[in-house]
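By convention here, the first residue in the shown sequence is residue 1. For the numbers below, each heavy atom of this structure counts, side chains included, while hydrogens, waters and symmetry mates do not.
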Amino acid sequence: MLPKGSISRVHEYYFTTPEYNAAVMRAMREFFGRPDLERGGSLALNEKSEGFFNEWFLYDFVLRNNRSVLEDYIAANPHQLGEEDLELYKNLLDNTYGIFEVRKLNRGKGMAIKDTQTGKEWFVQEYAATFELEKDSIFFGRV
C-alpha cells in the first residue's frame, strides 16, 4: 500500500514543474471540454469533478512522449525514489477501470466486487467507499 501523500506528490510534481505547464493546460482543456481555457482562467470545480480529473490525469492522460503521467513519473523518477518505493507506483499501472458490483461489504475494511463486464472478482481494501455503498450497488471505479 502506498504511503499517504504518494499520489499527491505525483500531481504536485506535474502541476508545479514548468516543463509540464503546457501538458497540464492541454489536459484541463481536454477533460473539461474547454478548448478556450487559458492560464488563470476559471473552472467551476467541485470535489468530485476535481477527483475525477486527477484520477484521469494520472492514469489515462497521454503526454507527448506517449506515456501516461504515472508511467512518466516512474520512468523519470524525479524524486529519486528507491526501488522498493518505485515498485509501489509500478503496481498501480496494473489496474482496471470499469463498472463494478458490490458482492460483499465489510464496513471500514473493504469489499468484494465483481467487474460487470468481465466477471472477474476482487476483494479490495477500502475505507470510505464502504460507508457510501451497499451490497449489490453498482459503481464506476478503478481497481
Side-chain angles (χ1 to χ4, degrees), residues 1-103 105-106 108-134 136-143:
M1 179 177 272
L2 282 174
K4 187 175 176 125
S6 298
I7 300 298
S8 298
R9 178 189 311 178
V10 177
H11 281 107
E12 182 179 338
Y13 174 74
Y14 284 90
F15 280 82
T16 62
T17 302
E19 74 182 86
Y20 294 105
N21 285 349
V24 169
M25 285 306 301
R26 183 169 59 86
M28 294 176 84
R29 289 178 186 124
E30 189 175 318
F31 186 85
F32 294 107
R34 291 278 310 275
D36 60 330
L37 184 66
E38 295 296 330
R39 277 217 167 280
S42 68
L43 287 170
L45 299 181
N46 59 41
E47 192 174 313
K48 201 170 208 172
S49 63
E50 187 175 346
F52 288 141
F53 171 76
N54 286 337
E55 180 179 343
W56 173 83
F57 181 74
L58 184 69
Y59 292 103
D60 301 314
F61 177 67
V62 178
L63 296 167
R64 295 274 185 229
N65 61 15
N66 290 320
R67 294 182 186 141
S68 72
V69 169
L70 182 57
E71 288 169 328
D72 189 69
Y73 182 80
I74 292 166
N77 194 8
H79 294 114
Q80 299 175 340
L81 301 173
E83 194 55 44
E84 189 174 312
D85 288 334
L86 270 181
E87 194 62 33
L88 295 172
Y89 286 100
K90 288 176 185 175
N91 289 339
L92 294 177
L93 292 173
D94 181 20
N95 68 79
T96 300
Y97 184 79
I99 304 169
F100 299 95
E101 176 186 358
V102 178
R103 308 287 282 175
L105 197 60
N106 186 346
K109 301 284 184 198
M111 56 191 154
I113 61 172
K114 178 180 177 181
D115 184 323
T116 61
Q117 293 177 308
T118 66
K120 188 171 180 182
E121 297 190 26
W122 294 272
F123 183 85
V124 293
Q125 294 178 332
E126 169 61 23
Y127 180 80
T130 64
F131 295 102
E132 298 171 8
L133 297 169
E134 299 294 330
D136 301 322
S137 295
I138 302 291
F139 68 97
F140 283 96
R142 187 178 303 273
V143 176

Check your understanding: Do other residues, nucleotides or ligands put more than 12 heavy atoms under 6.0 Å from F52 CZ?
Key -> no
Practice item. Find the distance between NZ (K120) and CD1 (I113) and round it off to the nearest 0.5 Å. Key: 10.5 Å
Review point. Do H11 and F53 have side chains that get closer than 4.5 Å, going by heavy atoms?
Key: no
Practice item. Check whether more than 12 heavy atoms from other residues, nucleotides or ligands sit under 6.0 Å from atom OH of Y127, and answer yes or no. Key: no
Practice item. Could you grab the distance from atom CD of E126 to atom CZ of F131, nearest 0.5 Å is fine? Key: 10.0 Å
Check your understanding: What closest approach, in Å, do V102 and E134 show between heavy atoms, and which atom pair accounts for it?
Key -> CB-O, 3.5 Å
Residues 89-99, side-chain donor-acceptor partners within the protein, below 3.5 Å, at least two apart:
residue	atom	partner	partner atom	Å
Y89	OH	S6	O	2.9
K90	NZ	E83	OE2	3.0
N91	ND2	E87	O	3.3
N95	OD1	R142	NH1	2.8
N95	ND2	L92	O	2.9
N95	ND2	L93	O	3.3

Review point. Atom CZ in R103, atom CG in D136: separation rounded to 0.5 Å?
Key: 7.5 Å
**Study point:** Residues in side-chain hydrogen bond (donor to acceptor under 3.5 Å, both in side chains) contact with N66, at least two apart in sequence or another chain
**Key:** none
Check your understanding: To the nearest 0.5 Å, what is the distance between CZ (R34) and CE (M25)?
Key -> 9.0 Å
Using atom types as modelled, flag every donor-acceptor pair under 3.5 Å from a side chain in residues 68-78 to any protein atom, sequence neighbours excluded.
residue	atom	partner	partner atom	Å
S68	OG	E71	N	3.0
S68	OG	E71	OE1	3.4
E71	OE1	S68	N	2.7
D72	OD1	N65	ND2	2.7
D72	OD1	R67	NH1	3.2
D72	OD2	Y14	OH	2.7
D72	OD2	Y20	OH	3.2
Y73	OH	H79	ND1	2.6
N77	OD1	Q80	N	3.3
N77	OD1	L81	N	2.8
N77	ND2	L81	O	3.1

Review point. How about R29 and E38: do any of their side-chain heavy atoms sit closer than 4.5 Å?
Key: yes
Review point. Do L37 and F32 have side chains that get closer than 4.5 Å, going by heavy atoms?
Key: no
Review point. Between the side chain of S49 and the main-chain N/O of L45, is any donor-acceptor distance below 3.5 Å?
Key: no
**Study point:** Min side-chain heavy-atom separation K109-T130 under 4.5 Å
**Key:** no
Check your understanding: If you round to the nearest 0.5 Å, how far is CD of E101 from CZ of F139?
Key -> 10.0 Å
**Study point:** Parallel, tilted or perpendicular: ring planes of F31 versus W56, cut at 30 and 60 degrees
**Key:** tilted
Exercise for review: Of all the heavy-atom pairs spanning F61 and A23, show the shortest one and how long it is.
Suggested key: CZ-O, 3.5 Å
Revision key, fill the gap. Rounded to the nearest 0.5 angstrom, the CD1-CZ distance for I138 and F100 is 11.0 Å
